[in-house]
Structure formats: structure tokens, C-alpha cells
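As a basis for the values below, the full set of heavy atoms in this structure was taken, side chains included, without hydrogen atoms, waters or symmetry mates.
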Amino acid sequence: MSAAITQVSLPLYEEATSYWEDLTRECEQQIAAINSVASANEVAEEERLTWRPGERRLSIVRENFPSTEVKVSLAFEQWGPKICGSVRGYEEDECEFYPEEFEFALGSDPDQGTVAITGEGRSLCARELAAYLAQQFRRSFPGLSLPCPGC
């Protein structure tokens with residue numbers, strides 16, 4: 001019986017891992033594009049975004065005010081894989097903006113392959129989810145129009 005469970009879950013694991021790799025690559029491209037625009041607008045290097053990838057987790061941080069930190073991870077539940085994360089930050093010292101948490105179940109879409117599924121039922125490819133994550137930094141760069149490569 002456990003062999004049957006392993007056979008069913010192995011494709012889900014592989015699909016989720018592949019989606020995570022795509023998401024990580026897309027996030028890195030989004031962050032590089034934002035940092036490039038920030039650099040072109042003379043934003044100091046220490047005020048740009050920092051990319052912190054890891055195995056099954058990543059974080060993107062802007063430490064200077066208004067600060068933003070986006071943390072994302074890949075998790076495996078009994079029912080299947082999901083992407084979960086949070087957005088936190090400070091407008092200024094001692095003034096935290098309202099934190100946000102999110103979860104996206106991963107599933108298969110006949111047209112797009114593996115997708116993240118929002119609570120409203122919308123499916124997001126890795127590029128679209130990376131764009132969503134990158135746009136969380138709008139408040140950190142109020143005078144800049146953030147790029148969205150591939151959108």
C-alpha cells in the first residue's frame with residue numbers, strides 16, 4: 001500500500017520541485033530587473049534588493065526604509081504541494097505596515113503544466129507568481145516604476 005502512495009506522490013513532488021526551480025529563476029530575473037532600474041535612478045546599492053535563495057525557500061529583502069521582506073517556501077502537505085509565504089516591512093522605524101501571508105496550492109493545468117492556484121481559482125505560472133512577489137516592493141521604491149520582465 002505504501003508503494004502505491006509513493007508512486008502517486010512522486011510525480012507531484014517532481015512537478016512541484018520543477019515549478020519551484022522555475023519560480024526561483026523567475027524571481028531572480030525580476031529582482032535583477034528592479035535593481036537595474038534602481039541603479040539607473042541612482043538608488044544606492046545598499047538600498048536595493050537583496051536576494052537570498054535556499055533549498056525550498058527564498059527571501060527577497062530591502063532593508064532600508066520603507067523596508068520590505070518577502071519570504072517564500074515550498075511545502076508538502078498530505079494533500080499535495082503548496083507555495084506559502086509572507087510579506088512584512090516597515091514604513092519607518094517602529095511603524096510596521098500590515099503584514100500579509102499567502103498560500104498557493106500547486107496543481108496541474110492541461111494548458112500550462114504545473115501552476116500555483118489562488119484562493120479565487122486563478123492559476124499562475126511561475127513567471128506570473130514571480131511578478132506578483134516582485135511587485136510587493138512598490139512601497140519600497142515609491143518614485144520608481146518597477147519593471148516586470150516577461151509580463
Side-chain angles (χ1 to χ4, degrees), residues 1-35 37-38 47-92 94-142 144-151:
M1 185 170 196
S2 65
I5 293 171
T6 302
Q7 288 177 344
V8 170
S9 64
L10 186 58
L12 288 174
Y13 176 83
E14 290 171 349
E15 290 172 7
T17 302
S18 177
Y19 185 90
W20 179 257
E21 290 168 0
D22 292 345
L23 177 63
T24 301
R25 185 180 61 255
E26 293 288 344
C27 283
E28 190 170 19
Q29 290 172 0
Q30 293 280 340
I31 299 320
I34 291 171
N35 281 338
V37 167
E47 293 185 18
R48 297 181 205 152
L49 301 181
T50 303
W51 170 247
R52 297 179 184 154
E55 185 178 340
R56 291 193 195 165
R57 69 173 182 249
L58 63 88
S59 67
I60 309 163
V61 181
R62 179 172 191 250
E63 300 203 18
N64 292 16
F65 299 119
S67 68
T68 303
E69 180 177 30
V70 175
K71 291 183 177 182
V72 184
S73 62
L74 173 63
F76 293 92
E77 300 290 338
Q78 291 178 342
W79 50 264
K82 68 178 180 177
I83 301 286
C84 48
S86 64
V87 180
R88 298 193 179 337
Y90 289 85
E91 293 294 331
E92 54 189 50
E94 303 289 327
C95 183
E96 183 176 16
F97 64 77
Y98 192 77
E100 177 185 345
E101 294 186 358
F102 54 85
E103 285 188 0
F104 299 104
L106 294 181
S108 293
D109 183 312
D111 298 329
Q112 296 180 315
T114 304
V115 293
I117 303 166
T118 69
E120 296 82 30
R122 182 169 177 234
S123 58
L124 304 172
C125 68
R127 180 182 42 76
E128 292 167 326
L129 182 52
Y132 167 79
L133 297 173
Q135 293 302 307
Q136 299 299 317
F137 291 93
R138 288 178 304 208
R139 72 173 56 89
S140 292
F141 300 101
L144 298 180
S145 177
L146 297 186
C148 190
C151 294

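Side-chain atoms of R62 come within 3.5 Å of backbone atoms of E47 as a donor-acceptor pair (strictly under, hydrogens ignored). When atom types are taken as modelled, the side chain of T17 and the backbone of Y13 share a donor-acceptor pair closer than 3.5 angstrom. Between the side chain of E28 and the backbone N or O of R25 there is no donor-acceptor pair closer than 3.5 Å.
The line from OH of Y132 to CZ of F104 is 5.0 Å long, rounded to the nearest 0.5 Å. The structure places CG of L49 at 7.0 Å from OG of S140, a figure rounded to the nearest 0.5 Å. For the atom pair CD1 of I31 and CZ of R52, the computed distance is 12.5 Å after rounding to the nearest 0.5 Å. The CZ atom of R138 sits 10.5 Å away from the OG1 atom of T68 when rounded to the nearest 0.5 Å. With rounding to the nearest 0.5 Å, the separation of SG in C125 from CD in E128 is 3.5 Å. Atoms CZ and SG, on R127 and C27 in that order, are 12.5 Å from each other to the nearest 0.5 Å.
The nearest pair of heavy atoms linking C84 to E103 is CB-CG, 3.8 Å. Of all the heavy atoms in A126 and D22, the pair that sits closest is CB-CB, 3.7 Å. Considering all non-hydrogen atoms of both residues, E26 and A130 come closest at CB-CB, 3.5 Å. Residues R48 and F141 approach most closely at CA-CZ, 4.3 Å, considering heavy atoms. A pairwise comparison of heavy atoms in E91 and F65 identifies O-CB, 3.7 Å as the closest pair. Across all their heavy atoms, E101 and S86 have their closest contact at CG-CB, 4.1 Å.
Residues L106 and L74 meet the side-chain proximity criterion, which asks for heavy atoms closer than 4.5 Å. Annotation: side chain of F137 is in contact with side chain of I60 (closest heavy-atom distance under 4.5 Å). P147 has its side chain within reach of I34: a pair of non-hydrogen atoms, C-beta onward, lies under 4.5 Å apart. The closest side-chain heavy-atom distance from R88 to Q136 is not below 4.5 Å.
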Please walk me through it: do F102 and V72 pass side chain to side chain contact (heavy atoms under 4.5 Å, CB included)? CA-CA 9 Å; F102 54 85; V72 184; 4.2 Å; yes
Report the C-alpha separation of W51 and N35 in whole Å, then their side-chain angles, then the decisive distance to 0.1 Å, and conclude whether the side chain to side chain contact (heavy atoms under 4.5 Å, CB included) test is met. CA-CA 10 Å; W51 170 247; N35 281 338; over 6 Å; no
Worked verdict on L58 versus W20 for side chain to side chain contact (heavy atoms under 4.5 Å, CB included): CA-CA 10 Å; L58 63 88; W20 179 257; 4.0 Å; yes
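Residue pairs meeting the side chain to side chain donor-acceptor pair (under 3.5 Å) criterion with at least one partner in residues 69-80, sequence neighbours excluded, are E77-K82.
Other residues, nucleotides and ligands contribute more than 12 heavy atoms inside 6.0 Å of the CZ atom of F76. Counting heavy atoms of neighbouring residues, nucleotides and ligands inside a 6.0 Å radius, atom CZ of R57 does not exceed 12 of them.
For the side chain to side chain contact (heavy atoms under 4.5 Å, CB included) with I83, the lone residue among L129, I117, L124, L133 that qualifies is L129.
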